[in-house]
Enquirer: 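Can you read through this structure? Questions will come right after.
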Amino acid sequence: MPRKDITPFSQAVYEATRLIPLGRVSTYGTIAKFLGKPRAARAVGNALHNNPLAPQVPCHRVVMSGGHLGGFAEGIKKKKKLLETEGVICKSGRVVNWSEIFFSFK
DNA sequence: CGTGTGACTCGGT
DNA sequence: GACCGAGCCACAC
């Protein structure tokens with residue numbers, strides 16, 4: 001079974017993202033910090049953008065610090081919709097109840 | 001091995 | 001609140 005070009009760092013990102021409970025969201029920086037590299041937020045973004053495990057990883061639950069949606073491979077609009085489906089309210093590319101649903105892996 | 005790129009973050013204006 | 005510039009990280013070529 002052919003394994004995709006998953007790098008160790010990317011896989012770590014996917015596993016961390018998988019831990020985000022339904023209805024909650026986290027940030028790239030938070031995930032990076034959880035992995036032990038608080039400065040690797042950018043690298044985290046890259047890993048999720050690659051996203052070969054899309055159906056398995058709730059990458060839509062990951063946004064920028066402050067509650068900004070950030071980006072999404074299928075389109076930021078789709079991300080917004082998915083979040084609303086899980087109970088996360090968004091507005092103008094931003095999460096409304098950010099402080100309520102923020103998840104920091106603790 | 002050096003360069004370029006991106007779903008980031010922070011601080012200042 | 002929005003925009004801009006500089007700093008940081010891992011990865012593909």
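Chain letters run A, B, ... following the sequence lines, proteins first, then strands; residues in each count from 1.
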Enquirer: Kindly write out the residues that satisfy side-chain hydrogen bond (donor to acceptor under 3.5 Å, both in side chains) with Thr30(A), not counting sequence neighbours, or none if the list is empty.
Expert: Thr27(A)
Enquirer: First contact, last contact: which nucleotides of DNA chain C are these for chain A, 5' to 3', heavy-atom distance under 4.0 Å?
Expert: dG1(C) to dC11(C)
Enquirer: Per the side-chain hydrogen bond (donor to acceptor under 3.5 Å, both in side chains) rule, what does the pair list look like for residues 90-106 of chain A, sequence neighbours excluded?
Expert: none
Enquirer: Under 4.0 Å between any heavy atoms, over every strand shown, what does Ala43(A) touch: base, sugar-phosphate, or nothing? Just pick one.
Expert: base
Enquirer: So, using side-chain hydrogen bond (donor to acceptor under 3.5 Å, both in side chains) as the criterion, who are the partners of Arg24(A) when residues are at least two apart?
Expert: none
Enquirer: Run the numbers on Lys81(A) and Glu84(A) for salt bridge (Lys or Arg N to Asp or Glu O under 4.0 Å), then give the verdict.
Expert: CA-CA 5 Å; Lys81(A) 203 149 198 192; Glu84(A) 298 242 343; over 6 Å; no
Enquirer: Quick one: ring pair (Phe, Tyr, Trp, His ring centres under 6.0 Å) partners of Tyr14(A), sequence neighbours excluded?
Expert: none
Enquirer: So how far is it from Leu53(A) CG to Glu15(A) CD, rounded to the nearest 0.5 Å?
Expert: 10.0 Å
Enquirer: Same hydrophobic cluster for Ile76(A) and Val25(A), using side-chain heavy-atom links shorter than 4.5 Å among ILVMFWY?
Expert: yes
Enquirer: Kindly list each side-chain donor-acceptor pair under 3.5 angstrom involving residues 39-48 of chain A, sequence neighbours excluded, with atom names and distances?
Expert:
none

Enquirer: Heavy-atom contacts under 4.0 Å between residues 9-33 of chain A and DNA chain B, which residues?
Expert: Thr27(A), Tyr28(A), Gly29(A)
Enquirer: In chain order, what residues pass the side-chain hydrogen bond (donor to acceptor under 3.5 Å, both in side chains) check against Ser10(A), with sequence neighbours excluded?
Expert: Thr7(A)
Enquirer: What's the CZ-C1' distance between Arg42(A) and dT5(B), to the nearest Å?
Expert: 8 Å
Enquirer: Expected output is a numbered-order residue list: members of residues 87-106 of chain A with a heavy atom under 4.0 Å from any atom of DNA chain B. What is it?
Expert: none
Enquirer: As an exercise, state the distance from CD of Gln56(A) to OG1 of Thr17(A), rounded to the nearest 0.5 Å.
Expert: 12.0 Å
Enquirer: So, Ser26(A) side chain and Phe103(A) main chain: donor-acceptor pair closer than 3.5 Å or not?
Expert: yes
Enquirer: When we call it a touch if two heavy atoms are under 4.0 Å apart, what does Asn50(A) touch: a base, just sugar-phosphate, or nothing?
Expert: nothing
Enquirer: Which donor-acceptor pairs under 3.5 Å do side chains of residues 60-73 of chain A form with protein atoms, sequence neighbours excluded?
Expert:
{"residue": "His60(A)", "atom": "NE2", "partner": "Glu86(A)", "partner atom": "OE2", "Å": "3.0"}
{"residue": "Arg61(A)", "atom": "NE", "partner": "Glu86(A)", "partner atom": "OE1", "Å": "2.7"}
{"residue": "Arg61(A)", "atom": "NE", "partner": "Glu86(A)", "partner atom": "OE2", "Å": "3.4"}
{"residue": "Arg61(A)", "atom": "NH1", "partner": "Ile20(A)", "partner atom": "O", "Å": "2.8"}
{"residue": "Arg61(A)", "atom": "NH2", "partner": "Glu86(A)", "partner atom": "OE1", "Å": "3.4"}
{"residue": "Arg61(A)", "atom": "NH2", "partner": "Glu86(A)", "partner atom": "OE2", "Å": "2.9"}

Enquirer: Strictly below 4.0 Å, heavy-atom distances to any atom of DNA chain B: list the hits from residues 59-67 of chain A, or just say none.
Expert: Cys59(A), Met64(A), Ser65(A)
Enquirer: With the 4.5 Å side-chain cut-off for hydrophobic clustering, are Leu19(A) and Val88(A) part of the same group?
Expert: no
Enquirer: For nucleotides 11-13 of chain B, list the nitrogen or oxygen atoms of the protein found under 3.5 Å from its nitrogen or oxygen atoms, one pair per line.
Expert:
none

Enquirer: Determine whether Tyr28(A) and Leu82(A) fall in the same hydrophobic cluster, where Ile, Leu, Val, Met, Phe, Trp and Tyr are linked whenever their side-chain heavy atoms lie under 4.5 Å apart.
Expert: no
